[in-house]
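The structure under discussion appears below in the form of structure tokens.
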Amino acid sequence: MKVSIKDNLSKKMLLWYDKNKRDLPWRKSKKDLNPYQTWISEIMLQQTTVEAVIPYFHKFTAKWPTIKKLSESNIEEIMDAWSGLGYYSRAKNIHKAAKIITKEYNDQIPNNYDELIKLPGIGPYTAGAILTIAYDKKASVIDSNIERIILRIQGIKKPKDKVKKELIKISEELCPDIRSGDYVQAMMDLGSAICKPNNPKCNLCPIKKFCYSYKNNLTNLIPIKKTRKPIKIRKARLFWIVSNQNRIFLRRRPLTGLLPGMLEFPSSDWIIKSKESKKEILFPIKGNWKPITGNVMHTFSHFQLSLKIYICRDVNEKKLEGIWKKENDIPNLHLPSLMKKVYKHVFSNTNN
DNA sequence: AACGCGGGGAC
DNA sequence: GTCCCAGCGTT
């Protein structure tokens, strides 16, 4: 890459950023820079939109204002605070990392790549983001926005995983020595507002004069899209159990796998549709079971789930090991989105 | 290199 | 409905 592009691109981006930056809660002035808040925001923002993160960031940092406080909390509290945000291993890893930072780094988030990358939940992107945004160091930072911008500017028509080394090199070269944090955030804002995946607004782009794809009308072809596999459909029966004290039965999922440690209403195994057996329904307890009209559908990252809900009333609470909650308390529980869909479906299809 | 891992907004 | 999002850990 030519030196003139390197210098001028970051200058253009910083000028653009000063005029167009979004006002986000984790964007502090220099004197208020807080590596802890940078870390939490970057973890929350992994594969998650800014709009979804904002309320969670406020709640989380209000409840745990320091790493020390966070390291002293328990995992259930953290999982509850994360419920609804998705990708729950991030919450587990934050807890693990907080303990390590407190124990081994005197409550200070490391300021070098080799130590950062060792922490659970911090990979190449997040390490670079913390180095630039929290510590104003020059680093290679590649998120999906910056990746797309570089591929377009350079007119790279190969699949991105074939040019990984090249992208790392270019992203570091483009990163300025001063205001590196502002620069990477400028690039991400540009990717979000201008250099979008589809129908980019090139006429508004401050760096279009550096862009091979703009000049050659290739922005709709770069980055090349790879076909993704269709996701499978799973089916299951979910059991809505009401006790003779008018409370609802829940249990906590195991701390590994899907929705780790989250509360749920019990269900049968989630079976892939083609393998569905016609065996008799195995209810968790004897009783007068009745199906509820309709199904609850929910799409996860790698499969879709269709739930048929069955309801049983007047159950003795001592017959089941788990958590019993009053119906009025259900909406206030920390449930994953799937289970929120479930209780809304039940409430709207029964007349309690 | 491919997969498991959530949820929601834009279109 | 499909695509995408400030990715990471595991296999």
Side-chain angles (χ1 to χ4, degrees), chain A residues 21-22 24-27 37-57 79 82-94 96-97 116-134 139-149 159-162 164 167 171 181-193 195-200 220 223 225-234 253-262 264 270 297-305 334-341:
Chain A
K21 70 185 256 188
R22 290 176 288 181
L24 301 174
W26 46 88
R27 286 186 176 167
Q37 297 197 352
T38 300
W39 171 46
I40 297 300
S41 67
E42 287 304 333
I43 301 295
M44 288 185 169
L45 285 162
Q46 289 167 8
Q47 293 291 286
T48 309
T49 55
V50 166
E51 292 69 29
V53 166
I54 289 172
Y56 283 84
F57 178 81
M79 298 311 289
W82 211 270
S83 63
L85 192 58
Y87 285 158
Y88 298 94
S89 65
R90 296 183 293 179
K92 291 196 290 184
N93 285 332
I94 277 182
K96 283 189 206 166
L116 282 169
I117 199 87
K118 282 193 223 164
L119 293 169
I122 295 183
Y125 163 75
T126 306
I130 291 172
L131 289 175
T132 51
I133 297 169
S140 168
V141 183
I142 303 171
D143 79 314
S144 59
N145 290 305
I146 297 177
E147 181 176 78
R148 184 172 60 254
I149 294 170
K160 55 190 179 186
D161 45 325
K162 304 281 186 192
K164 217 170 184 175
L167 289 172
S171 75
D182 286 348
Y183 162 75
V184 300
Q185 292 181 92
M187 292 287 273
M188 293 189 279
D189 278 12
L190 187 81
S192 167
C195 195
K196 300 183 296 178
N198 300 309
N199 305 317
N220 284 329
K225 306 186 197 293
K226 67 172 181 180
T227 58
R228 77 178 58 179
K229 287 193 215 170
I231 61 175
K232 293 188 168 134
I233 298 176
R234 291 172 184 261
R253 293 176 63 86
L255 275 170
T256 56
L258 188 70
L259 303 176
M262 308 299 290
E264 68 171 5
W270 302 356
M297 305 290 293
H298 188 75
T299 306
F300 292 95
S301 53
H302 53 301
F303 69 91
Q304 190 169 41
L305 181 63
H334 302 282
L335 296 173
S337 293
L338 162 64
M339 295 300 155
K340 290 184 178 175
K341 280 188 192 171

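Letters A, B, ... mirror the listed sequences (proteins, then strands); counts begin at 1. Model, not experiment: these values are computed from the prediction.
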Heavy-atom nearest nucleotide on DNA chain B taken for Lys162(A) and for Ser337(A); more 5' hit belongs to Lys162(A)

Before accepting this row, confirm whether a basic side-chain N of the pair Lys226(A)/Asp161(A) lies closer than 4.0 Å to the acidic partner's carboxylate O.
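Looking at Lys226(A) and Asp161(A), the cut-off is not met.
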
Applying a 4.0 Å non-hydrogen cut-off, can you work out what [X] is touching in the nucleic acid: base, sugar-phosphate, or nothing?
{"X": "Leu305(A)", "value": "nothing"}
{"X": "Lys229(A)", "value": "sugar-phosphate"}
{"X": "Arg148(A)", "value": "sugar-phosphate"}

Under 3.5 Å, is there a donor-acceptor pair between the side chain of Arg253(A) and the main chain of Glu264(A)?
no

Strictly below 4.0 Å: does Lys341(A) bring a side-chain N or O up to OP1 or OP2 of dG7(B)?
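Negative; the distance criterion is not met.
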
Which nucleotide in the list dC5(B), dC3(C), dC8(C) gets nearest to the side chain of Arg228(A)?
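When the side chain of Arg228(A) is considered, dC3(C) is the closest of dC5(B), dC3(C), dC8(C).
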
Identify, with sequence neighbours excluded, every residue that meets salt bridge (charged side-chain N to carboxylate O under 4.0 Å, His left out) alongside Lys160(A).
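Glu147(A).
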
Does a donor on one side chain sit under 3.5 Å from an acceptor on the other, for Arg90(A) and Asn93(A)?
no

Residues of residues 255-262 of chain A with a heavy atom under 4.0 Å from any atom of DNA chain B, listed by number, are Gly257(A), Leu258(A), Leu259(A)

Quiz question: going by heavy-atom distance under 3.5 Å, is there a donor-acceptor pair between the base of dG7(B) and the side chain of Thr49(A)?
no

